[in-house]
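Accompanying notes for the structure given below.
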There are 2 protein chains.
Amino acid sequence: MLKEERHQFILNEVRIHNKVLLTDIADLLKVSVDTVRRDIKELHNSDQLKKVHGGAVSLGFNTYSPVGKKVYSLEKKSQIAEKAITLIKEGQVILLSGGTTNLELARRLPSKMQLTCFTPSLPIAVQLLTKSNVEVIFIGGRLSKDSQITVGGSAINMLSEIKVDICFLGTNSIHPVEGLTEFDWEIVQMKKAMIHSSRKVVSPCISEKIGSLQRYKICGADEVDVLITELEPWDIKLDAFKTMNLQLL
Amino acid sequence: MLKEERHQFILNEVRIHNKVLLTDIADLLKVSVDTVRRDIKELHNSDQLKKVHGGAVSLGFNTYSPVGKKVYSLEKKSQIAEKAITLIKEGQVILLSGGTTNLELARRLPSKMQLTCFTPSLPIAVQLLTKSNVEVIFIGGRLSKDSQITVGGSAINMLSEIKVDICFLGTNSIHPVEGLTEFDWEIVQMKKAMIHSSRKVVSPCISEKIGSLQRYKICGADEVDVLITELEPWDIKLDAFKTMNLQLL
DNA sequence: ATGAGTATTTCGATTTTTTGCAAGAACACT
DNA sequence: AGTGTTCTTGCAAAAAATCGAAATACTCAT
């Protein structure tokens with residue numbers, strides 16, 4: 001029994017069961033628990049599973065949870081959210097795409113503010129339920145499990161029937177020349193429809209995403225009215241956007 | 001049972017029910033309350049939920065909860081859910097209304113079963129996201145904060161465009177003469193539309209709701225095809241329904 | 001083929017973690 | 001105020017992790 005064989009076996013077990021017990025593996029493979037422990041430690045160090053007391057669990061064991069999910073760059077996203085909120089006025093109708101930045105925005109919405117809020121994002125809808133003065137309207141449709149937003153014809157259809165004041169379009173990649181891009185075609189369609197349904201398009205975007213590029217194009221950078229980052233508007237990283245017809249915040 | 005597993009289980013329960021009781025979890029997991037207490041303390045320290053006296057609640061969530069319902073009737077609802085699942089066949093298209101019993105049903109859906117599932121309920125949609133083989137289609141519309149389901153013209157409109165195999169219609173009150181009733185007018189409209197969109201109407205209902213009555217009528221008891229309770233079909237409490245054209249389960 | 005050097009595995013002793021239990025304090029509800 | 005629950009704290013048993021040493025296997029140059 002080669003070490004590599006054991007590793008594959010363990011990974012396979014983890015894939016199937018989402019968890020393994022040290023003792024089970026030792027039993028099945030007829031080796032000592034020490035060996036299995038060492039194997040699992042190695043796999044843990046190479047990020048192929050997560051070692052826990054008594055065994056190991058699959059890495060993506062809990063990665064679907066809308067709450068509890070670790071939000072990266074939370075600090076930056078909070079700053080962006082705070083800036084974004086200054087754009088919203090009492091009584092307006094807004095549209096929130098998915099994404100953790102927008103989730104942060106939703107969380108920080110003043111609950112005393114009277115608003116109507118459209119969204120195709122499940123986590124954001126859940127969050128908005130806590131805001132008693134916000135009327136939440138969910139864009140229905142087929143739910144994409146990865147992004148936890150609705151997509152597809154029905155959702156786009158519903159979007160085609162509305163015209164909101166501001167759309168906050170969370171974006172994965174923004175590039176001064178290539179504009180906003182995404183890697184998921186269905187989400188691209190959704191975002192295009194969202195832009196079309198809005199008088200004003202605001203793109204909250206953490207600076208590390210600036211200049212990156214994905215497979216499919218949503219729209220040109222000049223179609224965005226306001227670009228919000230955690231940086232100061234005059235930051236050198238934003239130079240490429242300064243000549244454009246968009247507001248930096 | 002790994003600690004990690006318990007943690008995931010607890011988080012999942014919190015996500016579904018918005019709250020958990022120490023004793024419930026201890027019971028379900030067959031461990032002592034001390035262990036659960038410790039688990040919840042850890043999850044609390046890592047900001048994954050909020051520890052409260054007697055249990056834990058979801059972060060930032062309006063704890064709308066069936067008021068003062070100390071006994072969560074989890075046991076009964078699980079039984080009903082298990083029975084309900086036997087009615088579902090591979091490949092079918094089903095419609096789930098809101099309610100905690102249906103939530104339990106959604107939770108227990110075998111994840112290997114291929115299904116298409118419509119629902120206007122936010123918590124149920126969240127729960128269904130974890131089922132990789134279930135296609136989830138959310139009925140969009142205005143979100144009612146109390147019931148956490150979508151209501152209103154848009155939702156009813158979307159319902160009018162579908163025809164599903166089975167509808168599981170969670171109900172607050174069922175009465176042999178007066179039929180299914182609700183206290184919220186908008187939800188009544190939704191449920192009427194749901195019945196209309198379904199070939200077969202199944203009503204999961206815990207026995208304590210039998211014979212109760214609310215302000216508005218959804219439909220007659222005979223419009224329900226199957227009534228599922230936690231009781232045996234020949235139980236004396238169900239006598240009033242035995243002469244009707246509906247199946248007891 | 002041989003033997004030195006290295007890697008892998010096993011074993012035993014010790015330490016750490018986890019878990020359940022119990023007694024008294026703190027808390028919620030009437 | 002009284003009465004159940006729930007919390008805290010300390011403790012002990014069991015399970016798991018760690019560490020060092022010894023045994024075994026494997027590599028490779030001679």
Side-chain angles (χ1 to χ4, degrees), chain A residues 1-59 61-62 68, chain B residues 1-59 61-77 100 208:
Chain A
M1 172 66 66
L2 264 46
K3 181 157 74 162
E4 189 59 26
E5 283 183 81
R6 287 199 314 272
H7 283 194
Q8 289 309 323
F9 180 85
I10 293 170
L11 285 175
N12 200 41
E13 286 294 302
V14 168
R15 250 198 304 280
I16 297 169
H17 298 115
N18 274 332
K19 65 142 194 187
V20 293
L21 302 180
L22 282 181
T23 49
D24 282 356
I25 299 290
D27 217 35
L28 286 167
L29 294 177
K30 309 269 184 264
V31 294
S32 72
V33 282
D34 297 73
T35 303
V36 181
R37 209 192 306 282
R38 231 166 325 101
D39 286 338
I40 284 182
K41 193 181 288 180
E42 285 174 31
L43 292 170
H44 174 93
N45 289 336
S46 57
D47 279 329
Q48 311 208 53
L49 47 70
K50 186 177 167 198
K51 180 168 135 29
V52 298
H53 194 97
V57 296
S58 151
L59 281 177
F61 194 27
N62 95 6
Chain B
M1 173 68 66
L2 265 43
K3 182 161 71 162
E4 187 69 17
E5 283 183 88
R6 287 199 313 272
H7 284 193
Q8 293 310 324
F9 181 88
I10 293 169
L11 285 175
N12 201 39
E13 286 294 302
V14 168
R15 197 168 62 248
I16 297 167
H17 298 118
N18 289 332
K19 68 157 192 191
V20 294
L21 302 179
L22 282 180
T23 47
D24 277 356
I25 300 288
D27 218 34
L28 287 167
L29 257 35
K30 310 267 184 264
V31 294
S32 73
V33 283
D34 298 73
T35 302
V36 180
R37 207 191 306 283
R38 269 186 285 254
D39 285 338
I40 284 182
K41 193 181 289 179
E42 283 178 34
L43 292 170
H44 174 94
N45 290 336
S46 57
D47 280 328
Q48 311 211 55
L49 46 69
K50 187 174 165 203
K51 182 167 122 48
V52 295
H53 194 98
V57 295
S58 157
L59 289 175
F61 212 107
N62 250 353
T63 50
Y64 111 99
S65 56
V67 241
K69 225 100 198 237
K70 166 113 178 58
V71 274
Y72 204 58
S73 314
L74 256 184
E75 182 62 28
K76 293 177 185 173
K77 286 174 181 166
T100 47
E208 62 200 51

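Shown here are the side-chain hydrogen bond (donor to acceptor under 3.5 Å, both in side chains) partners of A:Ser32, two or more places apart in sequence or in another chain: A:Thr35. Every residue meeting the side chain to side chain contact (heavy atoms under 4.5 Å, CB included) condition with A:Ile10, not counting sequence neighbours, appears here in chain and number order: A:Val14, A:Ile25, A:Val36, A:Asp39, A:Ile40, A:Leu43, A:Leu49. Remark: A:Asn12 engages A:Arg15, A:Ile16 in a side chain to side chain contact (heavy atoms under 4.5 Å, CB included) (not counting sequence neighbours).
In DNA chain C, stems built from 3 or more consecutive Watson-Crick or G-U wobble pairs, each with both distances under 3.5 Å, span C:1-30 with D:1-30.
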Test log, rule salt bridge (Lys or Arg N to Asp or Glu O under 4.0 Å), inputs A:Glu42 and A:Lys3: CA-CA 11 Å; A:Glu42 285 174 31; A:Lys3 181 157 74 162; 3.3 Å; yes
Do any N or O atoms of the protein come closer than 3.5 Å to N or O atoms of nucleotides 15-23 of chain C, and which pairs are they?
from, atom 1, to, atom 2, distance (Å)
C:dT18, OP1, B:Lys3, NZ, 2.9
C:dT19, OP1, B:Arg6, NH1, 2.7
C:dT19, OP1, B:Arg6, NH2, 3.2
C:dT19, OP2, B:Arg6, NH2, 2.9
C:dG20, OP2, B:Ser32, N, 3.2
C:dG20, OP2, B:Ser32, OG, 2.9
C:dG20, OP2, B:Thr35, OG1, 2.1
C:dG20, N7, B:Arg38, NH2, 2.7
C:dC21, N4, B:Asp34, OD2, 3.1

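To the nearest 0.5 angstrom, A:Leu29 atom CG is 5.0 Å from A:Phe9 atom CZ. Rounded to the nearest 0.5 angstrom, A:Leu21 CG and A:Asp27 CG are separated by 11.0 Å.
Heavy atoms only, all atoms of each residue included: B:Leu2 and A:Gly54 are closest at CD1-O, 4.4 Å.
Atom pair B:Leu22:CG and C:dA28:P shows a separation of 14 Å (rounding to whole Å applied).
Screening residues 48-57 of chain A for side chain to side chain donor-acceptor pair (under 3.5 Å), with sequence neighbours left out, gives A:Ser46-A:Gln48, A:Lys50-B:Glu4.
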